[in-house]
Amino acid sequence: MLRRFTVMLVAVIALLGSSLALAQSDEPTVATSDTPELGTFLTDAEGRTLYMFTRDEPGTSNCSGDCLANWPAFAAEEPLTLPDGVPGELTQITREDGSQQVAYNDMPLYYYAADTAAGDTTGQGVGDVWFVVTPAPAGFQIATPIGSPAASPVASPAATPAG
């Protein structure tokens, strides 16, 4: 009798665990934030700002070495989802080193190492090539960041692709 109870208890715990995992996967992969200066932009689920590198190409990251140390790639588990009402598409790209990176409308997403807290946007305009990511419909390629301020007075040495 005790053995049967133990087996049933383990089964119930396993079902609860899988239900919790499913509930957690319902949380969008990215979120949005907004400021009066920048408008609405993408963040990770914890509110850390996500950036794009204008020297990347659709589906391809051109940031490696020192660049990647300063601008870590944003990676997440599938399924990749956007919050309700946010247009566009999240996908995975395979980096040169074989790792996966999340892309928004086919453009790779990054963090900025100097952002120390959720909501920080200190990477905006660095080297005139790094910008917060503005929500846009799928298939929309950002050629010139919308509303980008003047470049940061201290350009990142990682602003040029490292080989």
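Just so it is clear, the values below take in all heavy atoms, side chains as well, and ignore hydrogens, waters and symmetry mates. This chain uses plain numbering: 1 for the first residue, then up along the sequence. Small disclaimer: the values here were computed from a predicted structure and weren't measured.
- Smallest separation of non-hydrogen atoms from P135 and V86: CB-CG1, 4.1 Å.
- Residues D128 and T54 come closest through the heavy atom pair O-OG1, 4.4 Å.
- A donor-acceptor distance shorter than 3.5 angstrom exists from the side chain of N105 to the backbone of E89, with no hydrogens or angles considered.
- Between L42 and T32, the closest side-chain pair of non-hydrogen atoms falls below 4.5 Å.
- In the hydrophobic clustering of ILVMFWY residues, with side-chain heavy atoms under 4.5 Å counting as a link, Y104 and I93 come out apart.
- Not a single donor-acceptor pair under 3.5 Å links the side chain of T121 to the backbone N or O of Q124.
- A single hydrophobic cluster is seen to contain both L82 and L109, as judged by linkage of ILVMFWY side chains at heavy-atom distances under 4.5 Å, directly or through other members.
- Residues T116 and D120 have side chains that bring a donor and an acceptor to within less than 3.5 angstrom of each other.
- The side-chain heavy atoms of D97 and S99, taken from C-beta on, include a pair separated by under 4.5 Å.
- Taking all atoms of both residues into account, the shortest heavy-atom contact from V126 to T122 is CG2-O, 3.6 Å.
- Panel note: side chain N62, backbone R55; a donor-acceptor pair is recorded below 3.5 Å.
- Contact check for T35 versus F41: side-chain heavy atoms found under the 4.5 Å cut-off.
- Residues Y111 and F74 place their aromatic rings such that the two centres sit under 6.0 Å apart.
- When all heavy atoms of A31 and P83 are compared, the pair lying nearest together is CA-CG, 3.8 Å.
- To the nearest 0.5 angstrom, R48 atom CZ is 10.5 Å from T43 atom OG1.
- Of the possible polar contacts, none joining the S61 side chain to the R95 backbone as a donor-acceptor pair under 3.5 Å is found.
- If you look at Y51 and W130, their ring centroids are not closer than 6.0 Å.
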Step by step, work out the side chain to side chain contact (heavy atoms under 4.5 Å, CB included) result for V30 and L50. CA-CA 9 Å; V30 300; L50 296 171; 3.7 Å; yes

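- Follow the hydrophobic side-chain contacts under 4.5 Å out from F53 and you reach L38 in the same cluster.
- The side chain to side chain contact (heavy atoms under 4.5 Å, CB included) search around Q92 returns E78, L80, Q100, V102, not counting sequence neighbours.
- Taking CD from Q101 and CG from D56, the interatomic distance works out to 7.0 Å, rounded to the nearest 0.5 Å.
- Contact record, P72 with A113: CD-N, 4.0 Å, taken as the closest heavy-atom pair.
- Close placement of the Y112 and W71 rings is indicated, their centers lying within 6.0 Å of each other.
- T29 and A76 get closest at one heavy-atom pair: CG2-CB, 3.5 Å.
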